[in-house]
Amino acid sequence: MGLIYDEVEGLNYYLDFGHLDALFANPDLTHDEAYLSLLRDYLSDDTVSPLPLRRLVERHPDGTDPVFRAVLSRPSFSWRHHGEALLWSRKREYFQRGVSPDFAVIGERLADLLCAP
């Protein structure tokens, strides 16, 4: 389980994020279909924002291109040139709906007002 806090998106939980982190840290793991399948799931799942992928790219810039080349079967893929277009094509709904936190922490007084009959 991975937890990522973002100023705009708030606090988010990501299943198996540690496996993806390991993949980007060690692109030799692209030979293991389980790792590639997990990344494909992150790319195709409409409920997963681009945030975890962007964070992995920031954390592991040297592993980014080899990992995406393997998962996409595109030997010429370059995150710098194609990354945002990939996210826009795979996460279209995310970009269309706009960004907002999934939940917000509110104070006791506001909670009382929201729960009042």
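Sequence positions, counted from 1, serve as the residue numbers for this chain. Note that these values count all heavy atoms, side chains included, but never hydrogens, waters or copies made by symmetry. The structure presented is a predicted model; accordingly, all values stated were derived computationally and were not measured.
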(message) What verdict does the side-chain contact (heavy atoms from CB on, under 4.5 Å) test give for Met1 and Tyr13, after you've listed the backbone C-alpha separation in whole Å, the side-chain angles of each residue and the deciding distance to 0.1 Å?
(response) CA-CA 7 Å; Met1 175 74 68; Tyr13 302 85; 3.7 Å; yes
(request) Please name the pair of heavy atoms, one in Arg92 and one in Ser89, separated by the smallest distance, quoted to 0.1 Å. (result) NH2-CA, 4.0 Å
(request) Measure the shortest side-chain to side-chain distance between Arg54 and Leu87 over non-hydrogen atoms and say whether it is less than 4.5 angstrom. (result) yes
(request) Compare every heavy atom of Leu38 with every heavy atom of Asp16, then report the nearest pair and how far apart it is. (result) O-CD2, 3.4 Å
(message) One pair to check against side-chain contact (heavy atoms from CB on, under 4.5 Å): Tyr94 and Glu9. What are the steps and the verdict?
(response) CA-CA 11 Å; Tyr94 167 86; Glu9 292 190 38; 2.7 Å; yes
(message) Side chains of Tyr35 and Val67, heavy atoms from C-beta outward: is any pair under 4.5 Å?
(response) no
(request) Measure the shortest side-chain to side-chain distance between Ser49 and Asn12 over non-hydrogen atoms and say whether it is less than 4.5 angstrom. (result) no
(request) Indicate yes or no for a side-chain donor-acceptor contact from His82 to the backbone of Ser78 under 3.5 Å, with no hydrogens or angles considered. (result) yes
(request) Take Phe17 and Ile4 through the test side-chain contact (heavy atoms from CB on, under 4.5 Å) and record every step on the way to the result. (result) CA-CA 10 Å; Phe17 186 77; Ile4 298 177; 4.0 Å; yes
(message) Please determine whether a side-chain nitrogen of the Lys or Arg among Asp6 and Arg55 lies less than 4.0 Å from a carboxylate oxygen of the Asp or Glu.
(response) yes
(message) Under a 3.5 Å distance rule, please check whether Asp65 uses its side chain to pair with a backbone N or O of Trp79 as donor and acceptor.
(response) yes
(request) Considering non-hydrogen atoms only, spot the tightest contact between Phe68 and Val57 and give its length. (result) CE1-CG2, 4.2 Å
For residues 23-34, dump all side-chain donor-acceptor pairs below 3.5 Å to protein atoms at least two apart in sequence or in another chain.
residue, atom, partner, partner atom, Å
Asn26, OD1, Asp28, N, 3.2
Thr30, OG1, Pro27, O, 2.8
Asp32, OD1, Ala34, N, 2.9
Glu33, OE2, Arg40, NH1, 2.5

(message) So for atom CZ, which belongs to Arg59, do other residues, nucleotides or ligands contribute more than 12 heavy atoms lying within a distance under 6.0 Å?
(response) no
(request) Can you see which heavy atom on Leu15 is nearest to which on Tyr42, and at what distance? (result) O-OH, 2.6 Å
(message) To the closest 0.5 Å, what do you measure between CG (Leu51) and OH (Tyr5)?
(response) 11.5 Å
(request) State plainly whether the residues Glu84 and Lys91 are in salt-bridge range, i.e. N to O under 4.0 Å. (result) no
(message) Do Pro50 and Phe95 make a side-chain contact, defined as non-hydrogen atoms from C-beta onward lying under 4.5 Å apart?
(response) yes
(request) Give a yes or no answer on whether the side chain of Arg69 reaches the backbone of Phe77 with a donor-acceptor pair at less than 3.5 Å. (result) yes
(message) If you define the side chain from C-beta out and look only at heavy atoms, does anything of Leu86 sit under 4.5 Å from Leu43?
(response) yes
(message) Check whether Thr64 reaches the backbone of His60 with its side chain - one donor and one acceptor, N or O, closer than 3.5 Å.
(response) yes
(request) Give the minimum heavy-atom separation between Val48 and Pro52, together with the two atoms involved. (result) CG1-CG, 3.8 Å
